[in-house]
Amino acid sequence: MARLPRHPPKFNIQCSNRRRNGHSPVSTILPMDDVFDGALRRQSPLIVDGSMATELERQGVDTASALWSATALVDSPRIIRDVHRAYFEAGANIAITDSYQANVPAFEKLGLSGKQSRRLIAVAAEEAIAAREEYRRAHTDDETADRPLVVAGSVGPYGAFLADGSEYTGDYALSDAEYRDFHRPRMQALADAGVDLFAFETMPNIGEVRALVGLLNDEFAGTQAWVSFSLQDAGHLCDGTPLKKAVAELDGNPQIAAIGVNCVPPETVSPAVHIIRRATSKPIIAYPNNGDVYHPGTKTWTPNPGGLDIARLASEWFAEGATIIGGCCRTTPDDIRRVASALRDVSYQGMETGRTNQPR
């Protein structure tokens, strides 16, 4: 039996509970229009953190398993908190919980019960929240004390559970009810633990996105999510769905806080953001990988010597219309520090000239 971590400290977070459709009460943290609207009026662009797995590996956590970075939830939750804290210190406004590949079926394969599995998912949220609280306490007297800090509950695709690289192909299909049943326990655990919104990320399959958004609307009313797609090229989801069509389906939904792309090569971001901007007035989020090549069979990466520098490109993405920018796989706190610095300079120049990229 895997060893469960001790419960992290509790924090006083406002939430409201209700019961819908016979399922457990659902917690909400912020009013629907407050997550990014208010944050972007205080700071634009907002900075997303970088890779969790890369930093865990650097600190000795073996992520070469079906659980990937979620392995640390079982044995090393304190390291997760330290990684989140490092990204806050680097300038990130948004921490994405270590729950991308954490789901009840995956933990049950280890012999854990459903209750224990949901507890581990909650730990992912609690460690990110604890890191935010630690950062706030350490910076009460400096100029960064009041900057927006958001905790997003990562909801990875069903393809991540398959652990065969399917999140980069979209080559799987469940019914709407099956998708909902798969994602519901994780979303419930994250909401109850106090995340500010969900991150529906690396989404390659439009059927799964529709099911997730339906679940959000039906059972998590009052809670927001962003949707970021995994792409086969700048204009298409991995399953072949035109990006413009996928974005347009989400544009009118008030529970979708932002739309964008993640874990795509850096060179794909600008043309993708250009397409997204034409299909939505919502904030656009973009956090690519560092350009290295992933091999699903061995769960390894091949460095790409010709990969583009995300810090150098970040201002270009901002100019195209992205207002929430960061990094995904293989990026580090140093990368995010350079992204934050580059975008701080661009944002300051915009304030000086009166041209700031605020959400429409």
Side-chain angles (χ1 to χ4, degrees), residues 2-9 47-103 106-107 110 112 119-139 149 151-154 156 160 163 190 193 195 199 201-202 262-263 287-295 298-304 307 310-311 326-340:
R3 178 171 59 85
L4 294 176
R6 295 177 181 177
H7 289 205
I47 308 300
V48 186
D49 64 9
S51 173
M52 174 62 69
T54 299
E55 291 306 295
L56 291 175
E57 290 163 3
R58 287 185 179 184
Q59 298 193 45
V61 177
D62 183 4
T63 64
S65 71
L67 286 177
W68 195 41
S69 64
T71 302
L73 293 170
V74 178
D75 293 318
S76 309
R78 177 67 215 202
I79 298 179
I80 295 171
R81 188 188 309 186
D82 292 343
V83 173
H84 285 306
R85 175 71 184 273
Y87 280 116
F88 283 135
E89 294 289 351
N93 301 98
I94 301 170
I96 302 175
T97 62
D98 186 23
S99 52
Y100 174 82
Q101 213 140 315
N103 54 76
F107 287 128
L110 296 180
L112 300 177
R119 175 65 202 140
L120 285 172
I121 294 166
V123 167
E126 290 166 352
E127 291 300 334
I129 292 167
R132 176 172 63 183
E133 295 298 317
E134 287 183 0
Y135 178 86
R136 289 289 195 205
R137 287 195 297 269
H139 293 271
L149 298 180
V151 172
S154 176
L190 291 169
V195 298
E201 55 177 349
T202 327
N262 77 284
C263 216
Y287 52 115
N289 57 46
N290 76 339
D292 289 351
V293 180
Y294 182 61
H295 305 285
T298 59
K299 295 180 173 59
T300 58
W301 293 81
T302 298
N304 178 8
I310 66 169
C328 198
C329 289
R330 307 285 280 179
T331 61
T332 68
D334 284 343
D335 291 321
I336 297 306
R337 184 175 291 105
R338 292 189 302 109
V339 167

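We use all heavy atoms of the structure for the numbers below, so side chains are in, but hydrogens, waters and symmetry mates are not. The residues of the chain are indexed from 1 along the displayed sequence.
Checked by atom type and distance alone, the side chain of Asn289 never pairs as donor or acceptor with a backbone atom of Cys328 at under 3.5 Å. For Ser51 (side chain) and Thr332 (main-chain N/O), no donor-acceptor pair under 3.5 Å exists by modelled atom type. Under a 3.5 Å cut-off, the side chain of Arg81 and the backbone N or O of Ala130 do not form any donor-acceptor pair.
Between Pro333 and Ala90, the shortest heavy-atom distance links the atoms O-CB, 3.4 Å. When all heavy atoms of Thr202 and Cys263 are compared, the pair lying nearest together is CG2-CB, 4.3 Å. Between Leu190 and Ala125, the closest heavy-atom pair is CD2-CB, 4.1 Å. Residues Ile121 and Phe107 come closest through the heavy atom pair CG1-CE1, 4.1 Å. Closest approach of Pro77 to Val123, counting heavy atoms only: CB-CG1, 4.0 Å. Contact record, Ala311 with Arg338: CB-NH1, 3.4 Å, taken as the closest heavy-atom pair.
The line from CD of Glu126 to CG of Leu120 is 10.5 Å long, rounded to the nearest 0.5 Å. Rounding to the nearest 0.5 angstrom, the gap separating the CZ atom in Arg58 from the CD1 atom in Ile79 is 14.0 Å.
Checked by atom type, the side-chain pair Tyr87/Glu55 shows no donor-acceptor distance below 3.5 Å.
Side chains of Asp98 and Glu127 form no contact here, defined as non-hydrogen atoms less than 4.5 Å apart. A 4.5 Å side-chain heavy-atom check between Glu201 and Tyr287 finds at least one atom pair inside the cut-off. Within the 4.5 Å cutoff, side-chain heavy atoms of Glu89 are placed close to those of His139. The shortest distance between side-chain heavy atoms of Asp49 and His84 falls below 4.5 Å.
Checked for salt-bridge contact, Arg78 and Asp82 meet the test: a charged N lies under 4.0 Å from a carboxylate O.
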Requested in this report: Please step through side-chain contact (heavy atoms from CB on, under 4.5 Å) for the pair Ser76 and Leu56, ending with a clear verdict.
Outcome: CA-CA 9 Å; Ser76 309; Leu56 291 175; 6.0 Å; no
Requested in this report: I would like to know whether Thr54 and Thr331 meet side-chain contact (heavy atoms from CB on, under 4.5 Å); could you show each step before the answer?
Outcome: CA-CA 7 Å; Thr54 299; Thr331 61; over 6 Å; no
